[in-house]
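Here is how names work: the chains are called A, B, and so on, in the same order as the sequence lines, proteins then strands, and each is numbered from 1.
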Protein chains: 2
Amino acid sequence: MSTPGSRRRRPTIYDVARLAGVSTATVSRALNDTGQVAEPKRVAIDAAVEQLGYRPNTIARSLVTRATQTIALLLPDITNPFYAELVAGIQALTLERDYTMLLCTTGFDPELEERYLRLLRAKHVDGALVDGLVLPPERIARFVEDGFPIVCLDRDVSSPAVPLVQVDNRLGAGMATEHLLSLGHRRIAHIAGAPARISEERLLGYQAALESAGVTPDSALVALGAFTETGGHDAMCALLESAPDLTAVFAANDLSAIGAINAIVASGRSVPGDVSIVGFDDLRLSRFTSPPLTTVRQPADEIARHSTELLLGMIAGRKPRKIHHLFVPELILRDSTRTPR
Amino acid sequence: MSTPGSRRRRPTIYDVARLAGVSTATVSRALNDTGQVAEPKRVAIDAAVEQLGYRPNTIARSLVTRATQTIALLLPDITNPFYAELVAGIQALTLERDYTMLLCTTGFDPELEERYLRLLRAKHVDGALVDGLVLPPERIARFVEDGFPIVCLDRDVSSPAVPLVQVDNRLGAGMATEHLLSLGHRRIAHIAGAPARISEERLLGYQAALESAGVTPDSALVALGAFTETGGHDAMCALLESAPDLTAVFAANDLSAIGAINAIVASGRSVPGDVSIVGFDDLRLSRFTSPPLTTVRQPADEIARHSTELLLGMIAGRKPRKIHHLFVPELILRDSTRTPR
DNA sequence: CTGTTAGCGCATTCAG
DNA sequence: CTGAATGCGCTAACAG
């Protein structure tokens, strides 16, 4: 019992060394399993550690090892459940590897993105996972050239030093649109996401699918949705105005699909009776909406695992062999789509 | 242009001092605005910093100042949008104050909670915001006595050194139940949360409201829901089995309410036609569900702001004056409740 | 107002 | 296998 509440200076490695009758070097070796230490000394050290309640000061350690056992995660919006699921996956792995995770939400603001990146480097974070950054590629690449490992998600920096891991957004958008097309829909609207690379990719996939089915894209059928429920709702209202004859919509993500459904229902129409809708992400939530949402699944867990593994590898000095890691999306059929009236 | 890609040692405060023709102490004072520095020297220092691209090493700084400008946030599940909203609020404030935030998800696991707390102290995080911990109060209090500032959310440690900030859970649960009662419902079920203090509080509020309305609680009307969509869904299925005559349900949070609605609809019943339902939290999402959810609002943003402010204050050495900070919940009426058939 | 001098707590040569 | 010595980069007395 080490007198609780005592405002005593926390024990250092010197205290342990003295109590165990060895040098600090030996204590350090014993504690970090680096180099050999005779058994009796090891025992004495363990006892001293125990008795003193000694905990190494990781700050001091970091100063000399130049490693903090901490990674950072930059993402646009933690309030989006897809990102939250990603975080959960990353967290699980960092926990396993005794890493700790700094979370920074950037809200698609390039200034903030760069500010955080600078800050993180100054804090000597070991590396960063950056999702959906809008910052120009050169600026991101510069950090990497500077010796700061980065793995990108949902945004290519096209540098051989910056791996990218993501679902194939264009393909997924194509799958969603083709599904609607195959049901017989022709007036298919799209609720786009916030201005960022994934939004473009999904829009492109949507347009390509339309064109290869012989239907010409109509700008009255596209509205901006910001990847949020509110954004989806408002976009849908606009769409219902600009193209009242639409029979289906592909929303850039599940959240905006949910907002859109609300708007559709509020307008007196039904889903999927009057308008079919497909989302993107396959949130855990989307199985439970009314109606359950047809959507394009991205494997959040695999993406989390793979990107983290990659980053940790880079931190350990391994060069990524593949620079692009593309996961294939999967169309999940539920009850929000059907053939048009 | 500082030769990009150069693997040169990063400049230190010594380099700046030498280039500016002053001592490191002066550089430090100039950079941190501590003590006076003559204008010409200041200019020279700024120029040297600029030319060298110098960035202070925060690790080294932390070693001497014993502060890391980092706080930690422990919470059960980032995948729950309520916590995500909390995180967003906290993040906003930490950004303002130049703090950085470590996120740790604990999944209601006391071992993990303690492991993280130890780790965070070893990392010399300046303080922690801990939400819904199930760890015994003494263990939490011990960290505080040890000089590690902690602010609790949704869980009282009943120590004058550990402030608590939360919504009045019991009151909120009472409001939800009374609302149902006032509509004329008598067979009101409850979907409880995961085993944690808030779940107990909300259950208590529910039972008290029932009793003061003269309806005797029936254990067949209570099921465990885990605070998730799936949990809510499964609990609802069980409830529909054990108490088929129920006409209303109070779910411990919005997520489980959403799962419950799905189960109700799947059973051939309608919401609110056959069964009314009220949630807790008022997620951003809950405005957009079908039907939009009647729920008890907790002010995530205010809770985030207040608790963070409090923690930052404690870190700065201020003693919290009030130890309990209870926010009052608000009943939000939407379309998931109505009078029973 | 400024420079000199000590550490902060630890890992790591380098001898032995 | 072990210890003495050094330094990571910075701030904080303490003199001047």
> Is Arg142(B) paired with Glu138(B) through a side-chain N to carboxylate O contact shorter than 4.0 Å?
Replying inline: no

>> How many whole angstroms separate atom CG of Asn57(B) from atom P of dC8(C)?
In response: 18 Å

>> Rounding to an integer number of Å, can you tell me how far Arg66(B) CZ sits from dC8(C) C1'?
In response: 6 Å

>> Distance check needed: dG9(D) P versus Leu52(B) CG, whole Å only.
In response: 13 Å

> Tell me: CD1 of Ile59(B) to C1' of dG9(D), nearest whole Å?
Replying inline: 11 Å

> Can a salt bridge be assigned to the pair Arg10(A) and Asp146(B) using a cut-off of 4.0 Å between side-chain N and carboxylate O?
Replying inline: yes

> Rounded to the Å, how far apart are Leu31(B) CG and dA12(D) P?
Replying inline: 13 Å

> What is the ring orientation for Phe327(A) with His306(A), classed by angle as parallel under 30°, tilted 30 to 60°, or perpendicular over 60°?
Replying inline: perpendicular

>> Any base atoms under 4.0 Å from Ser28(A), or only sugar-phosphate, or nothing? Heavy atoms, all strands.
In response: base

>> Using a strict threshold of under 4.0 Å (side-chain N to carboxylate O), is an ion pair present between Glu96(A) and Arg305(A)?
In response: yes

> Rounded to the nearest Å, what distance is computed from the CD1 atom of residue Ile45(B) to the P atom of nucleotide dT2(C)?
Replying inline: 8 Å

> When you look at Thr70(A) and Lys123(A), which way does the side chain to side chain donor-acceptor pair (under 3.5 Å) test go after all the steps?
Replying inline: CA-CA 10 Å; Thr70(A) 299; Lys123(A) 289 216 171 196; over 6 Å; no

> Can you check the Asp15(B) CG to dG9(D) C1' distance for me, whole Å?
Replying inline: 11 Å

Pairs under 3.5 Å (N/O, protein and nucleotides 2-6 of chain D):
residue : atom : partner  : partner atom : Å
dT2(D)  : OP2  : Ala38(A) : N            : 2.7
dG3(D)  : OP2  : Ser23(A) : N            : 3.1
dG3(D)  : OP2  : Ser23(A) : OG           : 3.3
dG3(D)  : OP2  : Thr26(A) : OG1          : 2.7
dG3(D)  : N7   : Arg29(A) : NH2          : 2.9
dG3(D)  : O6   : Arg29(A) : NH1          : 3.3

> Can a salt bridge be assigned to the pair Glu309(B) and Arg318(B) using a cut-off of 4.0 Å between side-chain N and carboxylate O?
Replying inline: no

> Just how far, in rounded Å, is P of dC10(C) from CG of Leu63(A)?
Replying inline: 12 Å

>> Which is more 5' along DNA chain C, the nucleotide nearest Pro56(A) or the one nearest Gly35(B)? Just name the residue.
In response: Gly35(B)

